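Remember, predicted model here, so these are calculated numbers, not experimental data. Note that the numbering runs from 1 along the sequence shown for the chain.
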Amino acid sequence: MSYTGPDFDPPRNPRSRRRPLTVAVAALVCGGLLGWGVYAATGGTDDGGAGAEAKGSPSAPSPTPSQPASPSAGNTEGGGDEESSASRPPGASAPAATGPLKGKVVVIDPGHNPANFRHTAEINRQVDVGTHRKECDTTGTSTNDGYTEAEFTLDVAHRMRTLLRKQGATVKLTQDRDRPYGPCVDERARIGNEAKADAVVSLHADGSGSGNRGFHVILPGVVNSGGADTRAIVAPSRELGERVAGNFVRVTGTAPSNYIGGGTGLVTRKDLGGLNLSTVPKVFIECGNMRDGKDAALLTSGAWRQKAAQGISEGIVSFLRG
Ligand code: ZN
């Protein structure tokens, strides 16, 4: 997703989380994730508040998010908002007969839609996201060479679907290039809600300045306004987000964002309709910055996307297995 004037809220960093986080980092370093070790050493402050784009390095050490989860699990997709399964069966998958996630429903929300650019009037239509009105959807960003965020998110979603189905989960995508545009962000949320998803992950890649690198997971903040009430999902979504972030680091070896989140890889926002309108645990992940050459080299690599899909999926599996 590319932000325009984001209102980032400082990620919370409860003291109580520190210990497990530290343990997680230690394990990662031992595991030989050099990049992460370097990151951990340089630190990250507790967040970056408002300035979403503080370029440059993180400053205080603040270990990160989550606990590594068990490798092995599948993927999910996520998140966000998609169209309801009733109207669009193609996104749904039959539950696997067996597997640790049997009976669990995961919704993967591939951000944007490859054809959104042909439907500017429709995607610019304003929809109610509880706190305010905003565009139905956006075209998303792309690498400087033209690999689009929408293609990226669908590719990772498909890889995740395969992995998560192997774990026994029922997986639904909010869109699978099977509609002319969208869905709008409110519908993306509704799809997860109506599916009674146990976890939803919305997939994105950022469009920030060159030199800004790394991933971050976006968590819902407390919103109780209009049709939005996130109070019940804030805590489980944080748990989901921490597990996704921790596993993403572990599997991809990619460090958290150096330009937002203070090095934690976690950011809380209250302006995203896909989160505000969700009634089930949900997070977004910005897998990297498409406008940075080094991140773009990762995002355009199928091998790296497989790792990304695996990391996110394993975070979901960890969350669902408790
Ligand atoms: Zn996006």
Side-chain angles (χ1 to χ4, degrees), residues 1-6 35 52-53 55 75 77-83 90-91 108-125 134-162 173-185 188 201-218 248 252-260 272 274 284-312:
M1 117 186 335
S2 39
Y3 309 127
T4 44
E53 311 220 0
K55 206 178 203 175
N75 294 326
E77 275 180 334
D81 317 300
E82 275 184 357
E83 189 177 45
I108 303 174
D109 180 37
H112 315 285
N113 177 319
N116 271 356
F117 73 95
R118 284 197 284 264
H119 299 272
T120 52
E122 291 92 337
I123 67 170
N124 286 332
R125 179 172 66 86
K134 67 188 300 185
E135 296 76 19
C136 153
D137 202 2
T138 62
T139 58
T141 187
S142 70
T143 66
N144 292 336
D145 289 336
Y147 180 60
T148 66
E149 180 185 0
E151 292 293 344
F152 169 81
T153 62
L154 274 173
D155 180 85
V156 174
H158 294 154
R159 294 171 189 273
M160 286 176 61
R161 182 171 58 190
T162 299
L173 271 59
T174 56
Q175 58 92 10
D176 196 6
R177 211 193 297 272
D178 51 357
R179 49 185 295 155
Y181 67 90
C184 296
V185 296
R188 288 175 185 266
V201 176
S202 189
L203 303 175
H204 293 266
D206 212 351
S208 188
S210 180
N212 289 346
R213 297 197 59 194
F215 79 93
H216 64 279
V217 173
I218 304 172
F248 194 86
T252 66
T254 303
S257 172
N258 66 4
Y259 62 97
I260 186 171
L272 298 174
F284 279 42
I285 181 167
E286 297 281 1
C287 296
N289 175 20
M290 301 199 97
R291 295 294 183 178
D292 174 81
K294 291 178 179 173
D295 270 13
L298 299 176
L299 296 163
T300 56
S301 158
W304 189 86
R305 289 195 300 272
Q306 183 63 27
K307 289 181 183 175
Q310 185 183 339
I312 299 165

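- Between Glu149 and Arg291 there is no salt bridge, since none of the side-chain N atoms of the basic residue sits less than 4.0 Å from a carboxylate O of the acidic one.
- Scanning for side-chain contact (heavy atoms from CB on, under 4.5 Å) contacts around Ala115 gives Asn113, Arg118, with sequence neighbours left out.
- Nearest heavy atom pair, residue Val156 against residue Leu203, reads CG1-CD1, 3.9 Å.
- A side-chain N or O of His112 and one of Thr138 form a donor-acceptor pair less than 3.5 Å apart.
- Take Ser301 and apply the side-chain contact (heavy atoms from CB on, under 4.5 Å) test, not counting sequence neighbours, and it matches Ala303, Trp304.
- The two residues Cys136 and Tyr181 have their closest heavy-atom pair at SG-CE1, 4.5 Å.
- Taking the ring pair (Phe, Tyr, Trp, His ring centres under 6.0 Å) definition, one finds that Phe152 meets it with nothing, sequence neighbours left out.
- Arg213 is linked by a salt bridge (Lys or Arg N to Asp or Glu O under 4.0 Å) to Asp292, Asp295, counting only residues two or more places apart in sequence or in another chain.
- Here salt bridge (charged side-chain N to carboxylate O under 4.0 Å, His left out) pairs that include residues 135-147, with residues two or more places apart or in two chains, are Asp137-Arg188.
- Between Arg159 and Ala309, the shortest heavy-atom contact is CB-CB, 3.5 Å.
- Residues forming a salt bridge (Lys or Arg N to Asp or Glu O under 4.0 Å) with Arg125 (at least two apart in sequence, or on another chain): none.
- Taking all atoms of both residues into account, the shortest heavy-atom contact from Pro114 to Leu154 is CG-CD1, 3.6 Å.
- Here the shortest heavy-atom pairing between Gly209 and Asn289 reads O-ND2, 2.9 Å.
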